[in-house]
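Single-structure report; data block below.
Just follow the structure's listing: the first ligand is 1, and inside any ligand the first atom is 1. Keep in mind that the numbers below use all heavy atoms, side chains included, and drop hydrogens, waters and symmetry copies.
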Amino acid sequence: MSETVNTFEAQQQGRPTGPLVHGYEVIIGFETHAQLSTASKIFSRASTAFGAEPNTQACAVDLALPGTLPVMNKGAVERAIEFGLAVNSHIAERSIFARKNYFYPDLPKGYQISQFEIPVVQGGVVEFFLDTGKGADLTREKKAVRLVRAHLEEDAGKSLHEDFIGQTGIDLNRAGTPLLEIVTEPDMRSSAEAVAYAKELHKIVTWIGICDGNMQEGSFRCDANVSVRKPGQRLGTRREIKNLNSFKFMQQAIDYEVRWQIEQIEDGHAIEQATVLFNPDTGETRAMRTKEDAADYRYFPDPDLPPLCISEQWIEQVRGMMAELPRVMAERFVRDYGLPEYDATTLTQSKAMAAYFEATAKACGQPKLASNWIMGEMSRRLNVDDVAIESAPVPAAQLAALIGRIADNTISNNAARQVFDTLWSREGTDVDAIIEAKSLKQMNDTGALEKIVDDVIAANAKNVAEFKAGNEKALNALVGQIMKASKGKANPQQVNDLLRGKLG
Ligand code: ADP
Ligand code: MG
């Protein structure tokens with residue numbers, strides 16, 4: 001144990017400090033359980049389907065009844081390999097299953113089959129952008145959280161408290177469901193960074209399709225290890241917040257925990273290593289038990305299972321089956337479409353969004369405009385109406401047609417937003433017909449525009465004089481007048497050029 005801490009200590013040297021909270025640095029490491037999307041359990045043929053009648057899907061192997069033997073599910077191993085490849089980990093040629101011994105009502109067999117000394121996935125890194133501040137103060141930092149390991153293990157059953165008064169029900173359907181436990185280094189420095197990491201990890205496992213990512217059903221649950229220290233001091237004692245199953249609670253729980261730990265230290269109390277639960281109703285974390293050490297679990301290799309051997313050939317076969325990864329796709333967007341890295345990363349938040357972008361960009365030949373519209377107006381509307389991009393009322397072909405009309409100067413950005421609204425509300429589907437019907441065409445007749453410009457100059461002697469005296473803002477007032485007189489159909493850039501030309 002102390003050896004682990006020393007290793008972390010050494011690894012934390014020279015890592016950037018995060019934002020301080022009342023003079024304390026926040027240190028966070030994550031353990032995430034991703035339920036693997038296999039049809040059957042990790043060591044048996046029982047079904048993993050969610051929502052069945054209690055205790056109808058746990059077979060004799062899941063309960064470890066005498067005379068049964070576990071058999072490794074190949075699909076679960078393949079999913080672990082896929083994950084390792086997605087985050088640049090080393091895939092162990094030979095890894096070992098171990099028994100983690102403890103008794104709990106939802107684990108009547110008395111041990112969980114897991115991996116301890118040699119996990120199947122070793123090392124790796126999860127990269128993402130972290131936005132802090134808003135508007136002009138927005139800063140965007142690239143972060144890299146290192147993974148220690150990801151190991152295969154079986155889930156336990158579930159205790160049910162709600163339907164029973166003064167009693168607890170036990171549902172063993174979940175026993176033996178395959179999990180990948182993904183463990184990070186204590187590399188995160190704020191609740192915001194922790195949430196950004198968890199979102200990125202969630203994106204990766206759902207993108208490669210090894211986990212359905214359903215947080216309500218418990219398919220993706222995070223334990224946050226949190227400690228605080230004064231900058232430059234050695235790592236503080238951590239407390240582990242268990243089973244965070246929403247990004248919102250994750251942030252609240254960590255923020256509460258950080259405040260609580262700082263208060264304790266300021267009051268002269270030492271932090272005791274513990275496992276805590278977050279209560280969303282009170283917004284507080286509460287100690288569940290003082291934390292066990294590895295020794296308490298009396299790990300030993302499971303005598304029922306041979307070592308898990310993975311050949312180079314198998315790894316290559318799995319690699320060949322995998323779809324393009326978000327990271328690789330983002331690099332391609334930068335290379336092939338000339339997008340900034342931030343755009344490329346944002347557009348690869350989901351497969352559906354990436355596909356929508358590519359379809360739009362290809363159809364209109366304006367990748368940067370396509371990116372701006374998808375990250376801007378499109379995302380805003382998706383958010384407001386709470387719809388997924390797959391079911392957006394504006395298909396890629398329509399957005400591409402709209403962008404085409406901006407690019408060839410038929411309409412202004414303002415007019416384009418009106419057309420977009422019409423498309424979105426399904427009041428029209430043909431971009432050109434909408435432009436026509438709403439007479440949104442920009443004024444491209446220079447003669448007519450020049451006349452408006454001359455009229456506005458003549459009628460606004462005061463603004464003209466101010467501009468000539470060096471007040472740039474006075475020009476905006478004139479542009480505004482001209483835009484108004486043209487009913488918004490003038491091209492603002494053209495108006496600017498004309499005005500400057502006429503006013504010297
Ligand atoms: P265990 O397996 O006993 O829970 P580990 O040493 O493997 O403990 O660490 C578990 C998690 O806790 C890891 O994600 C690690 O990064 C994180 N962690 C370890 N030390 C600290 C600390 N001082 N503060 C915050 N997180 C920590
Ligand atoms: Mg642990």
Interfacing atoms of ligand 1 (cut-off 4.0 Å, heavy-atom, T184) = 13 (C), 14 (O), 15 (C), 16 (O)

Which one of R238, R239, E31 has a non-hydrogen atom at the shortest distance from atom 9 (O) of ligand 1?
-> R238

Relative to Y111, does K100 satisfy both conditions: NZ or CZ under 6.0 angstrom from the six-membered ring centre, and within 45 degrees of the ring's axis?
-> no

Against heavy atoms of V183, which atoms of ligand 1 measure under 4.0 Å?
-> 13 (C), 14 (O)

By number and element, which atoms of ligand 1 are closer than 4.0 Å to a non-hydrogen atom of F30?
-> 14 (O)

Check side chain to side chain contact (heavy atoms under 4.5 Å, CB included) between P303 and all other residues, then give those that pass, not counting sequence neighbours.
-> R99, F300

Examine V226 against ligand 1 and note whether any of their N/O atoms are separated by less than 3.5 Å.
-> no

Angle class for the Y299/F116 ring planes (parallel below 30°, perpendicular above 60°, tilted otherwise)?
-> parallel

Using the ring of each side chain (for Trp, its six-membered ring), is Y102 parallel, tilted or perpendicular to Y104, with breaks at 30° and 60°?
-> tilted

Proximity of L235 to ligand 1 by residue part, where a heavy atom lies under 4.0 Å | side chain

Proximal atoms of ligand 1 relative to E185 (non-hydrogen, under 4.0 Å) | 16 (O)

Contacts of R381 that satisfy side chain to side chain contact (heavy atoms under 4.5 Å, CB included) - sequence neighbours left out = E377, D385, F420, D421, W424

In terms of atom number and element, which parts of ligand 1 are under 4.0 angstrom from non-hydrogen atoms of G236?
-> 23 (N)

Classify the ring geometry between Y337 and F357 as parallel (under 30°), tilted (30 to 60°) or perpendicular (over 60°).
-> perpendicular

May I ask you to check whether S227 has an N/O atom sitting below 3.5 Å from an N/O atom of ligand 1?
-> yes

Examine E240 against ligand 1 and note whether any of their N/O atoms are separated by less than 3.5 Å.
-> no

Option passing side-chain contact (heavy atoms from CB on, under 4.5 Å) with I210 (candidates E78, Q35, R79) = R79

